[in-house]
Student: 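One structure coming up, written as structure tokens, with questions to follow.
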Amino acid sequence: MSDLATAAEHEPDPSGPAARAVVSLVRSKQRVADHGEVFTPPELVEAMIGLVESEAERIDSRFLEPACGSGNFLVPVLRRKLATVDARYGKSDFERRHQSLLALMSIYGIELLGDNVAECRANLVELFTSHLGLAPDDELYAAALAVVGLNIVHGDALSMQTRARTPKPITFAEWAYLGRGHYQRRDFRFETLTQMSSFSEEDSLFSDLGKHEIFTPTKDHGAVTVSELAEGGRG
Ligand SMILES: C[S@@+](CC[C@H](N)C(=O)[O-])C[C@H]1O[C@@H](n2cnc3c(N)ncnc32)[C@H](O)[C@@H]1O
């Protein structure tokens, strides 16, 4: 884990002087030159998230970071959502577990560099599992791995293609909680999602069309359970 991620997760006061001393905002000059990799300092992250505090605290409000690095924004957003889950569902272990997974499902990222992708996924899962006190063999642990595997994409946010030998259009899973331990999953192309707001503007040619008529999912997986997700996470 990077110095930055370590500080973001374990430093009690992310804006305090100790955090400023520990955090390294640059890994190498080469990476800055090649990929613009300069991490945002924790106090600035906190101030920026503070601008959308009520959304960050909402369990199912979706956050996408198109250059997410190791998760400097995504991890604190997840932390806020998990605090809301505890306040609302702390009395029911079943609801707390399922709502926490919904919170994780609402966090999305795209990142160009493979090592950052791996760190971002690991940092989110570490916060999730430590918050819930999950054992490694808990199926919720495996489900969380499956979710971050889908939601944190190794790709190029500009070309909207995955980074692979054969690049493909980036797709994101849209998750929703149906209740009683079931989630809905529908996959959409990133490119389509970026066009949604302009197509639904009032003066757009398409404003009288329901979004569903133009923007159909690339795949509808129907309802899935934690166990079914865990199977994907173990694989
Ligand atoms: C300036 S850093 C910011 C990281 C993090 N968001 C933060 O604020 O700490 C930019 C990150 O974006 C990644 N990146 C650069 N170009 C990208 C692209 N076209 N698509 C996705 N990620 C990209 C870099 O690898 C780097 O991790």
Side-chain angles (χ1 to χ4, degrees), residues 1-53 55-56 61-81 103-128 147-173 187-197:
M1 186 185 298
S2 68
D3 288 346
L4 183 61
T6 306
E9 284 190 21
H10 302 301
E11 176 60 42
D13 174 8
S15 61
R20 275 194 293 277
V22 169
V23 166
S24 164
L25 303 178
V26 167
R27 288 190 214 261
S28 74
K29 284 184 183 170
Q30 198 59 49
R31 287 171 69 116
V32 175
D34 291 346
H35 307 292
E37 188 193 56
V38 180
F39 296 108
T40 309
E43 59 265 39
L44 193 53
V45 169
E46 290 298 322
M48 288 172 73
I49 295 174
L51 296 172
V52 289
E53 187 86 57
E55 286 300 310
S61 61
R62 298 188 180 101
F63 278 73
L64 165 65
E65 238 261 74
C68 66
S70 52
N72 289 337
F73 282 90
L74 298 181
V75 168
V77 170
L78 178 61
R79 189 178 289 116
R80 282 167 165 78
K81 286 166 174 277
L104 184 65
M105 286 168 161
S106 72
I107 302 278
Y108 298 89
I110 303 172
E111 169 56 46
L112 200 61
L113 302 179
D115 57 350
N116 285 348
V117 173
E119 264 190 41
C120 184
R121 289 173 179 163
N123 289 339
L124 288 165
V125 169
E126 187 181 304
L127 172 60
F128 181 83
V147 167
V148 298
L150 291 165
N151 280 21
I152 308 301
V153 174
H154 188 194
D156 184 330
L158 297 177
S159 67
M160 302 192 196
Q161 301 275 310
T162 59
R163 289 271 274 186
R165 206 164 286 159
T166 313
K168 293 191 181 122
I170 292 175
T171 61
F172 282 116
D187 295 349
F188 289 89
R189 275 192 188 204
F190 179 43
E191 195 180 356
T192 304
L193 294 171
T194 61
Q195 291 168 9
M196 270 193 181
S197 56

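Counting starts at 1 for both ligands and their atoms, in listed order. Every heavy atom of this structure was used, including side-chain atoms; hydrogens, water molecules and symmetry mates were not.
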Student: Leu113 heavy atoms, cut-off 4.0 Å: which ligand 1 atoms fall inside?
Tutor: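 Listed by number with element, the hits are 25 (O).
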Student: In terms of atom number and element, which parts of ligand 1 are under 4.0 angstrom from non-hydrogen atoms of Phe73?
Tutor: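 It comes down to these atoms of ligand 1: 8 (O).
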Student: Going by the closest heavy atom to atom 5 (C) of ligand 1, which one wins out of Pro41, Pro66, Ala67?
Tutor: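 When every heavy atom of Pro41, Pro66, Ala67 is considered, Ala67 comes closest to atom 5 (C) of ligand 1.
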Student: side-chain contact (heavy atoms from CB on, under 4.5 Å) for Val77 and Glu65? Distances and angles first, verdict last.
Tutor: CA-CA 11 Å; Val77 170; Glu65 238 261 74; over 6 Å; no
Student: So, using side-chain contact (heavy atoms from CB on, under 4.5 Å) as the criterion, who are the partners of Ala67 when residues are at least two apart?
Tutor: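 Not a single residue meets the side-chain contact (heavy atoms from CB on, under 4.5 Å) criterion with Ala67.
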Student: Geometry only, no angles: is His35 polar-contacting ligand 1 at N/O separations under 3.5 Å?
Tutor: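 No, since none of the N or O atoms of His35 sits under 3.5 Å from an N or O of ligand 1.
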Student: Checking the N or O distance criterion of under 3.5 Å, is ligand 1 in contact with Leu112?
Tutor: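 Among all N and O atoms of Leu112, at least one is under 3.5 Å from an N or O of ligand 1.
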Student: Between Arg189 and Met160, does a side-chain contact (heavy atoms from CB on, under 4.5 Å) hold up when you go through it step by step?
Tutor: CA-CA 9 Å; Arg189 275 192 188 204; Met160 302 192 196; over 6 Å; no
Student: Check whether any side-chain N or O of Tyr108 sits under 3.5 Å from a backbone N or O of Ala173 as a donor-acceptor pair, and report yes or no.
Tutor: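 At least one qualifying donor-acceptor pair exists.
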Student: Using a 4.0 Å heavy-atom cut-off, say whether Asn116 meets ligand 1 through its side chain, its backbone, both or neither.
Tutor: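 Side chain only.
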Student: Are Ile110 and Phe172 side-chain neighbours, meaning at least one heavy-atom pair lies under 4.5 Å?
Tutor: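 When only atoms from C-beta onward are counted, Phe172 and Ile110 do touch, with a gap below 4.5 Å.
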Student: Checking the N or O distance criterion of under 3.5 Å, is ligand 1 in contact with Val38?
Tutor: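 Min N/O separation from ligand 1 is not below 3.5 Å for Val38.
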Student: Quick check: closest heavy atoms across Ile49 and Phe73, and the distance to 0.1 Å?
Tutor: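 So the minimum-distance heavy-atom pair works out to CD1-O, 3.8 Å.
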Student: If we only consider heavy atoms of Gly71, is any one of them less than 4.0 Å away from an atom in ligand 1?
Tutor: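 It does not, in that no heavy atom of Gly71 comes within the 4.0 Å cut-off of ligand 1.
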Student: With a cut-off of 4.0 Å, which atoms of ligand 1 are near a heavy atom of Asn72?
Tutor: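 So the atoms of ligand 1 that pass are 7 (C), 9 (O).
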Student: Between Arg31 and Asn116, is there a side-chain heavy-atom distance shorter than 4.5 Å?
Tutor: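 Yes, close enough: below the 4.5 Å cut-off.
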Student: Under 4.0 Å from a heavy atom of Asp156: which atoms of ligand 1 are those, numbered in the order shown and with their elements?
Tutor: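 Numbered from 1, ligand 1 contributes 18 (C), 19 (N), 20 (N).
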Student: Once you restrict to heavy atoms under 4.0 Å, what part of Glu65 touches ligand 1? Side chain, backbone, both or neither.
Tutor: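 Side chain only.
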Student: Do any nitrogen or oxygen atoms of Ala157 lie less than 3.5 angstrom from nitrogen or oxygen atoms of ligand 1?
Tutor: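 Right, the criterion is met.
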Student: Hey, which atoms in ligand 1 end up nearer than 4.0 Å to a heavy atom of Gly155?
Tutor: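 The list of qualifying atoms is 20 (N), 21 (C).
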Student: Could you work out, with side-chain contact (heavy atoms from CB on, under 4.5 Å) as the rule, every residue matching Ser61, not counting sequence neighbours?
Tutor: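 Partners of Ser61 by the side-chain contact (heavy atoms from CB on, under 4.5 Å) criterion, ordered by chain and then number, come out as Glu55, Arg58, Phe63, Lys81.
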Student: For the side chain of Arg121 and the backbone of Ile152, is there at least one donor-acceptor N/O pair under 3.5 Å apart?
Tutor: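 It does hold such a pair.
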Student: May I ask whether Ser70 has any heavy atom positioned less than 4.0 angstrom from an atom of ligand 1?
Tutor: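 It does not, in that no heavy atom of Ser70 comes within the 4.0 Å cut-off of ligand 1.
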